[in-house]
Enquirer: 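Once you've had a glance at the structure underneath, I'll fire off some questions.
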Amino acid sequence: MSWLPLSFGAPMVLWGLLALPVIWWLLRFTPPKPQTEVFPPLKILARVLKREETPQQSPWWLTLLRLLMAALIVAALAEPVFNPRERLPAEGAALALVIDNDWASAADWGQRVATAERLIADASSNDVPVIIAFTAEKPNAEIGPFDAATALDRLRAAKPRPIPTDRPAVYARVAATLESLPGATVAVLADGLAAEGDEAAFNTLLSKNAARVVWAASDRPGLIGLTGADNLVDGFELTAIRTPGDPAPAQVTAGAFDDKGRRIADATLIFSPGESTATATMAVPFELRNDFASISLDGQRQAGAVRVLDESSKRRRVGLLSQAEADQAQPLLSPLYYIRRALQPFADLAEPSSADLADAIPQLLDQKPAMIVMADVGTIPQQVRQRLVDWVDNGGTLVRFAGSRLVAAGNDDDLLPVRLRTGERSLGGALSWTTPQPVTDFPKTGPFADLAPPAEVTVSRQVLAEPTPDIVERSWATLADGTPLVTGMKKGKGTLVLFHVTPEATWSNLPISGSFVEMLRRIVQLSRNQGAAVANAEAAAASLAPYRMISADGTLVPPTPDARPLVPGAGPLPVTFENPPGLYGSDTGVVAHNLLNAESSFAPLVRPQIPVPVTTIQYAFDESHNLKGPLVAAALVLMVLDTLAVFWMGGLFSRRPRRAGTAAATTAALLIALGALVGHTDIARADDAKPGDERAIEDISKTRIGYVQTGDRSVDSISQAGLEGLTRFLIDKTALEPGAPASVDISKDQLAFYPLIYWPIDPAAPMPSQAAIARVDAYMQQGGTVLFDTRDQFATGIGAEQASPATERLRDILGNLNVPALEPVPEDHVLTKSFYILPEFPGRFAGGPLWVAASLEASNTENRPVRTGDGVSPIMITANDFAGAWAVDENGDPLLPTVPSDPMQRIYALRAGVNIMMYMLTGNYKSDQVHVPVLLERLGQ
């Protein structure tokens with residue numbers, strides 16, 4: 001890590017900051033586009049302050065914003081890095097990464113990967129190949145050399161394994177690869193724990209072809225593993241280990257879980273200062289301990305902190321053996337009757353299928369019982385005796401009951417806890433002067449010490465033990481006269497127990513007492529299962545399929561594809577890549593295969609003597625942050641803000657607030673007092689704009705022809721199509737580019753926006769209201785023109801005595817209007833020459849005249865107002881159906897035929913429409929051309 005909090009990948013780019021004053025000068029004297037406001041035409045005349053201002057320079061805040069944006073871009077191009085890390089030595093002929101990915105690396109695997117990524121990144125910048133090897137992978141895994149990108153992919157695909165490291169084999173492969181790459185950098189990313197063969201492995205790896213070594217080894221603080229979980233008499237005893245020599249005390253909580261993952265018991269293990277081993281006991285009832293499926297240490301996310309349990313740690317299997325033949329005939333006299341009743345609640349009972357001891361004993365031993373109970377069994381067959389002795393020496397518990405067969409068999413030092421006297425002792429018989437003896441207090445050193453002596457139990461017959469110096473120590477229960485009732489002793493790892501009475505109520509009433517159940521229960525708790533009971537012993541000895549595996553982080557997972565069946569053997573089996581820790585077997589029975597055993601220990605890894613330069617690093621995440629991305633993002637944000645500011649200054653986001661109207665607001669409201677003009681605004685905005693102003697501005701932004709809505713969809717569609725056809729013709733033939741035709745409701749729409757309104761007369765349409773007709777009359781008086789089209793050329797004409805329905809409706813409408821005198825268009829009228837020279841004005845029909853306002857003294861052709869003024873007729877009337885002739889579809893094809901069918905008639909109709917529009921927009925200026933010679937003569941030219 002560098003001592004500087006900021007560094008730059010391309011510091012020379014920072015010289016670009018010297019250009020900021022030039023950028024400031026350019027921005028300062030480059031003002032933004034001024035704001036433009038458009039006002040409704042009725043308000044532009046009221047108290048407008050005629051003032052035009054142009055900014056001389058950019059606002060200071062906008063200049064500062066743009067300078068900051070330029071500075072951010074320059075800084076981003078310099079590739080700044082916050083909290084930069086120190087470059088690691090990854091140079092030479094190659095980089096050899098040797099990484100421990102065993103169970104001890106699971107807790108901080110992310111930091112190890114981050115450290116390796118930095119080494120690969122530095123190797124990539126130096127353009128050197130990478131050898132990457134993991135010490136807990138398949139023996140034949142490929143190690144390279146790879147390019148940096150491939151090595152990075154393999155690193156990210158790797159994961160910690162719940163197995164120990166195999167440094168000798170992996171280091172040897174890396175050393176063999178480095179023989180062709182002398183002068184390489186070797187990076188050792190170890191787990192911090194020593195393993196067998198480390199010294200030779202490091203000598204092989206580092207003694208040749210290594211020019212530099214990068215050493216990263218975890219000190220493994222707080223690493224704790226479970227080495228034992230034994231189901232003893234008083235509870236489940238746990239044993240945990242840690243790295244020796246740690247002076248700090250430590251404690252960890254262990255939890256016991258059932259097969260459904262529920263936590264059912266806890267215990268706390270405490271490590272004293274300097275101690276590497278701690279023990280604790282889960283003091284829970286024996287029945288609850290049988291539900292334990294696994295035990296794990298809290299806070300230790302690694303496979304060594306978890307132990308799975310099999311049948312050897314759970315409910316005991318007890319084998320029952322008897323030589324009696326009358327069990328079925330007289331069950332209460334059966335030697336095993338009371339034993340079965342006493343053991344069934346807390347033990348799994350197993351009995352042989354054969355009565356022959358030579359077959360029965362092997363059958364029981366194949367089921368790996370924790371305890372075998374022999375009810376009055378005499379001599380053990382020689383061919384199975386040694387196997388039974390070995391079973392006891394390896395941890396089995398043999399419980400024998402006295403009887404006539406045992407007395408006749410004599411002593412057996414290997415299978416009896418004490419030597420017996422010949423014969424048996426009878427108490428309280430007819431020829432005996434003694435009485436049946438009660439049971440006295442249990443010895444404090446025996447397993448029955450905390451039990452109360454059964455006052456109701458008496459013994460009438462027993463076998464006696466030979467007095468020996470250790471007879472007191474081997475006596476677990478005695479009678480009132482001091483003779484032993486139960487004796488026991490440890491033999492090898494197992495236990496021998498002898499009840500000096502029979503198991504049925506013939507020599508004593510002990511088998512029918514409650515104390516008998518408790519005594520057998522204590523002996524069962526002393527026993528230890530020898531393994532999983534499997535129906536087919538030969539198949540079990542061959543292999544056990546993977547059932548549940550312990551992952552590197554200590555969780556139970558399904559078997560991985562690499563797991564192989566476990567072959568049972570004598571002693572602890574090694575944990576390998578193909579046999580990871582977990583449970584092996586099936587639903588009928590499993591065998592626990594744990595990572596650590598009772599002989600396991602932790603030893604810190606000591607760095608060997610290395611003759612080449614060594615760089616020591618710590619596992620850590622890369623805390624450096626490349627600021628190029630954030631700076632570019634900030635510059636983009638400022639760019640967006642700059643764009644929004646320019647749009648705002650240009651008036652794009654200006655809002656016209658609504659103001660409440662007054663009762664007298666029937667005409668256009670006056671503009672209120674203008675505010676102070678801002679430096680970037682041409683004209684101040686009126687604050688009293690009302691709803692509809694935007695549409696009004698849109699309506700007057702282009703010349704548009706309106707048509708009156710009749711309510712008849714077919715008539716209105718022909719009107720719209722006709723005016724669209726005329727608009728297309730105007731655009732093609734003239735400099736005028738009208739907007740789309742507008743549908744006009746004369747009762748409420750503003751009529752002043754349209755220079756010409758086409759009104760098709762439909763006799764079936766409702767008669768307009770007086771208010772609507774008054775609006776049309778006002779429109780005509782203020783300079784607008786209405787073109788009435790009755791579309792009834794072949795019906796009775798307008799001046800005829802017998803008029804058509806359309807003409808009658810027109811007369812009703814005109815009767816409410818101030819209509820001037822009308823006349824057909826004279827030959828010299830401006831309409832005949834406003835654009836085209838036209839002698840007549842046909843539509844879809846031909847022959848009908850076009851009526852316009854008559855001139856004063858119409859009979860005097862020398863004194864016609866059209867020759868002397870610019871007035872435009874406010875009304876035009878035709879019966880030729882102009883819209884029908886102009887109407888076209890979307891492709892520009894005519895919708896209706898002309899009558900008569902003459903293509904030129906449609907052309908003349910369109911030309912008539914052009915002349916009418918030019919007449920409406922230009923007045924009678926064409927009429928003034930006839931006076932040019934007179935005007936020139938009067939001017940003396």
Side-chain angles (χ1 to χ4, degrees), residues 100 102-112 160-164 191-195 217-232 234-259 261-284 288-289 291-309 313 549-557 572 575 580-583 592-605 619:
D100 286 346
D102 60 328
W103 64 272
S105 64
D108 56 354
W109 179 249
Q111 293 181 345
R112 297 168 185 269
R161 303 286 185 176
I163 61 176
D191 61 3
L193 293 180
S218 175
D219 53 3
R220 306 309 311 161
L223 181 66
I224 301 175
L226 272 174
T227 58
D230 299 322
N231 196 352
L232 303 181
D234 298 328
F236 233 100
E237 185 179 80
L238 307 178
T239 304
I241 60 173
R242 66 171 179 173
T243 304
D246 193 341
Q251 70 177 29
V252 63
T253 301
F257 301 86
D258 62 9
D259 55 0
R262 296 174 297 192
R263 192 181 186 111
I264 55 179
D266 290 313
T268 301
L269 296 100
I270 300 177
F271 290 90
S272 301
E275 294 293 331
S276 60
T277 304
T279 59
T281 301
M282 289 183 176
V284 295
L288 187 61
R289 280 180 265 156
D291 294 333
F292 289 1
S294 64
I295 298 176
S296 64
L297 300 178
D298 294 345
Q300 298 288 322
R301 297 183 56 84
Q302 36 88 7
V306 177
R307 289 191 72 83
V308 290
L309 306 176
S313 301
M549 301 292 102
I550 302 176
S551 65
D553 61 357
T555 58
L556 288 178
V557 296
V575 175
L583 296 172
H593 185 47
N594 289 297
L595 177 68
L596 304 178
N597 53 49
E599 287 75 26
S600 299
S601 62
F602 294 159
L605 178 64
Y619 292 121

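The residues of the chain are indexed from 1 along the displayed sequence. What you are looking at is a predicted structure, and each value in this text was computed from that prediction instead of being measured. Side chains included, hydrogens not; waters and symmetry mates left out as well; all remaining heavy atoms used.
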Enquirer: Output the distance between atom CH2 (Trp103) and atom CG (Asp553), rounded to the nearest 0.5 Å.
Expert: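 So the CH2 of Trp103 and the CG of Asp553 are separated by 13.5 Å.
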Enquirer: So which atom in Leu269 and which in Ala278 form the shortest heavy-atom distance, rounded to 0.1 Å?
Expert: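 Reported closest heavy-atom pair: CD2-O, 3.5 Å.
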Enquirer: For the backbone of Val308 and the side chain of Asn594, can you confirm whether one donor and one acceptor N or O come within less than 3.5 Å of each other?
Expert: yes
Enquirer: Just by distance, do the side chain of Asp191 and the backbone of Leu193 share a donor-acceptor pair under 3.5 Å?
Expert: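 Side chain of Asp191 to backbone of Leu193, a donor-acceptor pair under 3.5 Å: yes, one is there.
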Enquirer: CG/Leu596 to CZ/Phe602 distance, rounded to the nearest 0.5 angstrom?
Expert: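 Interatomic distance, Leu596 CG to Phe602 CZ, rounded to 0.5 Å: 5.0 Å.
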Enquirer: Quick one: CG on Leu226 to CG on Leu297, what's the gap to the nearest 0.5 Å?
Expert: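 With rounding to 0.5 Å, CG (Leu226) is 4.0 Å from CG (Leu297).
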Enquirer: Give a yes or no answer on whether the side chain of Arg242 reaches the backbone of Glu275 with a donor-acceptor pair at less than 3.5 Å.
Expert: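 At least one qualifying donor-acceptor pair exists.
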Enquirer: Please list, chain by chain and in numerical order, all residues satisfying salt bridge (Lys or Arg N to Asp or Glu O under 4.0 Å) with Asp259, sequence neighbours excluded.
Expert: none
Enquirer: Looking at Leu309 and Ala229, what are the two nearest heavy atoms and their distance?
Expert: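 Minimum heavy-atom separation between Leu309 and Ala229: CD2-CB, 4.2 Å.
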Enquirer: For a quick test of reading the model, state the closest non-hydrogen atom pair linking Leu595 to Pro162 and the distance between them.
Expert: CD1-O, 3.7 Å
Enquirer: What are the two closest heavy atoms between Met282 and Ala254, and how far apart are they?
Expert: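 Heavy atoms of Met282 and Ala254 come nearest at CE-O, 3.6 Å.
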Enquirer: CD/Gln251 to CD1/Ile270 distance, rounded to the nearest 0.5 angstrom?
Expert: 5.0 Å
Enquirer: What pairs with Asp230 under salt bridge (Lys or Arg N to Asp or Glu O under 4.0 Å), at least two apart in sequence or on another chain?
Expert: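 Not a single residue meets the salt bridge (Lys or Arg N to Asp or Glu O under 4.0 Å) criterion with Asp230.
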Enquirer: Can you name the nearest heavy-atom pair linking Ile550 to Gly554, along with the distance?
Expert: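 Minimum heavy-atom contact is CG2-CA, 4.1 Å.
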Enquirer: Nearest 0.5 Å, what's the OG1-CG distance between Thr243 and Leu223?
Expert: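 Reported to 0.5 Å precision, the distance equals 5.5 Å.
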Enquirer: Is it the case that the side chain of Arg112 and the backbone of Tyr619 share a donor-acceptor pair, with hydrogens and angles ignored and the cut-off at 3.5 Å?
Expert: no
Enquirer: Going by the rule salt bridge (Lys or Arg N to Asp or Glu O under 4.0 Å), which residues pair with Asp291 if we only count those two or more places apart in sequence or in a different chain?
Expert: none
Enquirer: Minimum heavy-atom separation for His593 to Pro580, with atom names?
Expert: CD2-O, 3.5 Å
Enquirer: Looking only at atom types and distance, does a side-chain atom of Gln302 sit under 3.5 Å from a main-chain N or O of Ile224, one as donor and one as acceptor?
Expert: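 Looks like yes, one N/O pair under 3.5 Å.
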Enquirer: Rounded to the nearest 0.5 Å, how far does OG of Ser296 lie from CZ of Arg263?
Expert: 6.5 Å
